[in-house]
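All remarks here apply to the structure that follows.
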Amino acid sequence: LMLCQMHDFRAGLLRLFELTRMYDEMLRLHMAAGDLRAVVQTAQRYGEAAPSLWLRALAFFAERSPAADDELREVIGHIERARLLPPLLVVQTLARNPNATLGAVKPYVMRCVAAAEARRADDARRAAKLRDETAAMRAEIAELRGGAVLFQANKCSHCSSAIELPAVHFLCRHSYHARCLDDGDAECPLCAPERHELAERAAAEAAASEKHETFFSELASADDGFDVVSDYMSRNIFNQLVVIGDKDEQPTAASKLSELEQRRALLQ
């Protein structure tokens with residue numbers, strides 16, 4: 001390496017940097033030589049192993065704008081397609097360079113704003129749908145707890161024949177002939193699979209809440225960490241699991257403190 005540097009043997013330096021995986025030095029060498037295409041090609045070839053190359057290339061071309069606007073747009077396009085950097089970091093990097101022109105980044109910014117607006121509208125639709133479903137479920141629960149249930153089914157939910165006594169009616173409003181049910185059936189055969197699936201999902205989420213390393217590994221590898229946090233919060237994993245019916249069991253001060261510490265750690 002020293003001999004190559006002493007004799008300014010550029011090809012030898014590039015080969016040695018490649019063998020030792022010093023990709024940042026390869027990029028720096030191309031930047032010092034002012035070889036714009038070589039900078040892009042180096043980032044394309046080794047950017048997957050060293051994503052920081054794209055950030056350095058972005059800052060390099062921004063400093064040389066508008067002469068390097070074509071390369072700048074190419075780098076921004078690759079960053080956008082591969083989702084290597086958040087849009088805010090790209091804009092902040094460009095904002096630190098007074099030579100960067102708005103024309104070079106305007107299409108990218110407009111695409112990011114349009115995508116964010118589409119996500120916001122989709123999230124709003126999903127939130128409205130979930131609110132309506134939650135309100136309907138709460139109304140149904142209140143009705144089942146305090147109101148009378150009128151069973152009006154005239155056909156067996158199993159054999160589709162007319163209901164005849166003896167018959168069994170469930171609160172889900174499914175009705176069966178007594179002969180159509182297995183001995184010891186205490187729940188509706190049609191609704192039981194869904195109920196068991198929900199119970200298994202709740203148990204799995206409760207178990208996942210103890211696997212902190214899984215959460216932090218997903219957070220570290222995600223393009224947008226907020227999406228991971230919001231997904232975990234939507235599944236109620238950060239909160240203590242409360243089983244309906246255990247009214248006497250209240251969260252202890254230790255559990256409240258642990259939950260508070262977890263949320264503080266997430267915000268840091």
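Residues His169 and Gln152 have side chains that never bring a donor and an acceptor to within less than 3.5 angstrom of each other.
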Apply the test side chain to side chain contact (heavy atoms under 4.5 Å, CB included) to residues His78 and Arg81: give CA-CA distance (whole Å), side-chain angles for both, the deciding distance (0.1 Å), then the verdict.
CA-CA 5 Å; His78 185 86; Arg81 288 190 299 272; 3.9 Å; yes

Apply side chain to side chain contact (heavy atoms under 4.5 Å, CB included) to residues Ile163 and Asn154 and explain how you reach the verdict.
CA-CA 5 Å; Ile163 282 289; Asn154 52 16; 5.7 Å; no

Audit row: Gln44, Glu74, side chain to side chain contact (heavy atoms under 4.5 Å, CB included) steps and yes/no
CA-CA 10 Å; Gln44 290 174 339; Glu74 186 175 352; 3.2 Å; yes

Is there a side chain to side chain contact (heavy atoms under 4.5 Å, CB included) between His158 and His174? Walk through the geometry before answering.
CA-CA 9 Å; His158 177 73; His174 289 138; over 6 Å; no

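The minimum heavy-atom distance between Pro189 and Leu181, with the atom names listed, is CG-CD2, 3.7 Å. The nearest pair of heavy atoms linking Val75 to Ala57 is CG2-CB, 4.4 Å. Across all their heavy atoms, Tyr23 and Ala50 have their closest contact at CD1-CB, 4.2 Å. For the residue pair Ser160 and Lys155, the shortest heavy atom distance occurs at O-CD, 3.7 Å. The minimum heavy-atom distance linking Met31 with Arg56 is given by the pair CE-O, 3.5 Å. Counting all heavy atoms, side chain and backbone alike, Leu53 lies closest to Asp24 at CD2-OD1, 3.0 Å.
Here the CZ atom belonging to Arg195 is positioned 11.5 Å from the SG atom belonging to Cys172, to the nearest 0.5 angstrom. Taking CG of Asp70 as the start and CG of Leu36 as the end, the distance is 10.0 Å to the nearest 0.5 Å. Distance check, rounded to the nearest 0.5 Å: CE of Met26 to OH of Tyr46 gives 4.0 Å. Distance check, rounded to the nearest 0.5 Å: OG1 of Thr134 to NZ of Lys129 gives 11.5 Å. Rounded to the nearest 0.5 Å, atoms SG (Cys156) and CD (Glu164) are 10.0 Å apart. If you take OH on Tyr108 and CD1 on Ile79, they are separated by 7.0 Å, rounding to the nearest 0.5 Å.
The closest donor-acceptor contact from the side chain of His177 to the backbone of Ala162 lies under 3.5 Å. Between the side chain of Ser157 and the backbone N or O of Ser175 there is at least one donor-acceptor pair closer than 3.5 Å.
Using cut-offs of 30° and 60° for the angle between ring planes, the Tyr176 and Phe170 rings count as perpendicular.
In this structure the side chain of Asp122 reaches within 4.5 angstrom of the side chain of Arg125, judged on heavy atoms.
Electrostatic pairing of Glu133 and Arg138 does not count as a salt bridge here, judged by no charged N lying under 4.0 Å from a carboxylate O. Classification of Asp123 and Arg120 as a salt-bridged pair fails, no side-chain N sitting under 4.0 Å from a carboxylate O.
Within 6.0 Å of CD on Gln41 lie more than 12 heavy atoms contributed by other residues, nucleotides or ligands. Heavy atoms from other residues, nucleotides or ligands lying under 6.0 Å from CZ of Arg111 number more than 12.
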